[in-house]
Structures are given as C-alpha cells and as structure tokens.
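Notes for the one structure printed next.
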Amino acid sequence: MATPIGHACAGFVLFLGCTTRRLRTPLFALALVVMAVLPDIDLLYGYAHGTPNAYHHQATHSLTFCLLVSFLAAFVVHKKNRTQLSTTFVFLFAAGASHLLIDAVTLDTSYPYGIMLWWPFDFSYVIAPFTVFLDIHRSSVSSGFFASLMNRHNFVAVAVEVALISLLYGAVRLYAGYAAKSRVVKN
Ligand SMILES: [Zn+2]
C-alpha cells in the first residue's frame with residue numbers, strides 16, 4: 001500500500017485538472033481527496049478487530065466499490081450543487097480509481113500480493129508487473145500500529161509519492177496551459 005498522503009495528493013491533482021466551474025469548489029476538492037483515500041478504510045475495520053491488515057486490499061479496493069461510492073457521492077453533489085451528474089461521477093470515480101492504480105504499482109511484500117480489483121466477481125488479487133511506489137512498514141497488530149508507521153523507510157516512501165505525484169501535477173499544468181493556448185489560437 002501507498003500512504004494516505006500519496007493518495008490524497010492524487011485526488012488533489014485531479015481537482016487541479018478539473019475545469020468545470022461548478023465543480024471548482026473547496027468542498028469538491030475535499031470530496032476528491034476523501035474518495036482517493038477511502039479504499040484504505042478497510043485498515044480501520046481490521047484495526048477495530050485487532051489486526052489492521054486482515055481485510056486490507058479486499059472489497060474496498062475493487063472497481064465495484066469505487067463505482068458504487070462514486071455514483072452515490074456524485075448524486076449527492078449533483079443534487080446539492082446542480083452539477084452535471086456524469087462529469088461529477090467521472091471525477092469522483094477517477095479519484096477512487098487513482099487509489100487502485102497507485103496500490104497496484106506499489107511494492108507489496110506480503111502475500112497475497114496486490115488488490116482484489118474485480119471483487120465480488122473474482123476474488124483473485126491483481127498487481128502490476130512493475131513497481132513505482134515503495135511499500136509501507138507497519139505493525140500487523142492494532143496495539144502500536146500508528147507508532148509503527150513512524151519510521152525512516154515510511155518517510156522516504158512519502159517523499160517518493162509526493163515527488164512523483166508532483167511531477168504528474170506539473171504535467172497536468174503544462175497540458176492545461178497548452179490547451180488554453182490552443183483555444184485562444186482557434187478563437
Ligand atoms: Zn489502498
């Protein structure tokens with residue numbers, strides 16, 4: 001797994017790439033960040049039962065979960081802010097999918113490797129054949145779990161995540177600038 005910091009950065013980068021005026025609100029930025037982090041809620045469920053990793057990378061790390069939650073959240077935002085339902089859904093789903101993508105390209109050293117991407121239709125785990133992000137060293141039991149996260153390896157992992165996602169942000173900015181210039185030239 002990558003860290004919540006890396007996932008949150010990915011959600012925020014998506015918000016920065018959103019040019020729909022009605023969606024350019026702090027609340028929608030928060031919604032994208034929450035959606036990008038949400039699949040890791042399975043750690044809290046395991047934490048409550050004494051073993052944080054027991055349910056990790058299962059149902060909440062599936063496309064089905066992301067589709068359902070994104071649709072529900074998009075419906076609420078659409079009703080509240082009169083945004084276009086399809087655009088709102090696409091951004092929220094992209095935030096959730098960014099989590100799955102990042103986890104799939106993160107080093108996983110404990111079996112079963114990867115995420116249950118196709119749950120509930122297929123219970124096998126999926127992982128990319130290459131690694132981009134570092135794994136996170138953490139305790140397998142709830143007592144001392146949060147303290148176990150504070151180590152040098154994890155700080156390096158966060159730095160790698162922020163650096164790579166910042167590069168992605170730079171690419172988004174470059175593309176947005178290029179697209180804006182193209183529009184001016186066409187007009
Ligand atoms: Zn995750």
Side-chain angles (χ1 to χ4, degrees), residues 1-15 29-74 89-142 144-151 153-169:
M1 64 171 269
T3 69
I5 297 171
H7 289 304
C9 287
F12 192 63
V13 164
L14 271 168
F15 175 72
L30 181 67
L32 290 181
V33 167
V34 168
M35 192 63 214
V37 177
L38 192 64
D40 279 345
I41 200 166
D42 56 8
L43 280 169
L44 293 182
Y45 186 70
Y47 180 84
H49 290 80
T51 48
N53 302 323
Y55 307 96
H56 195 39
H57 284 176
Q58 297 182 5
T60 60
H61 284 71
S62 66
L63 284 170
T64 302
F65 176 82
C66 287
L67 279 168
L68 289 175
V69 177
S70 303
F71 184 76
L72 286 174
F89 168 75
V90 165
F91 272 94
L92 285 163
F93 178 70
S98 75
H99 188 112
L100 308 185
L101 180 66
I102 289 173
D103 276 2
V105 296
T106 297
L107 178 64
D108 193 345
T109 55
S110 54
Y111 186 82
Y113 309 117
I115 57 173
M116 224 180 248
L117 186 66
W118 307 113
W119 177 93
F121 309 104
D122 184 342
F123 290 79
S124 60
Y125 286 73
V126 174
I127 192 164
F130 57 88
T131 296
V132 176
F133 299 104
L134 296 173
D135 59 335
I136 300 303
H137 292 178
R138 60 191 189 275
S139 169
S140 58
V141 292
S142 295
F145 176 74
F146 291 104
S148 75
L149 297 172
M150 302 298 160
N151 61 68
H153 171 89
N154 290 351
F155 291 137
V156 172
V158 170
V160 169
E161 289 169 9
V162 172
L164 291 179
I165 294 169
S166 297
L167 276 175
L168 181 64
Y169 166 64

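Note that ligands are numbered from 1 as they come in the structure, with each ligand's atoms numbered from 1 the same way. The first residue of the sequence shown is numbered 1, and numbering continues consecutively from there.
Sorted by first then second residue, the side-chain hydrogen bond (donor to acceptor under 3.5 Å, both in side chains) pairs that include residues 44-55, not counting sequence neighbours, are N53-R138.
Using modelled atom types, one side-chain atom of S142 and one backbone atom of G50 make a donor-acceptor pair closer than 3.5 Å. A donor-acceptor contact shorter than 3.5 Å links the side chain of H57 to the backbone of G114. With hydrogens and angles disregarded, a donor-acceptor distance shorter than 3.5 Å links the side chain of T64 to the backbone of W119. Side chain of E161 to main chain of A2: no donor-acceptor pair is present (N/O by atom type, distance under 3.5 Å, no hydrogens or angles).
By the 30° and 60° cut-offs, the orientation of the rings of H99 relative to H7 is parallel.
Taking a cut-off of 2.8 Å, the protein N, O or S atoms nearer than that to the Zn ion (ligand 1) are D40 OD1, H61 NE2, H99 NE2, D103 OD2.
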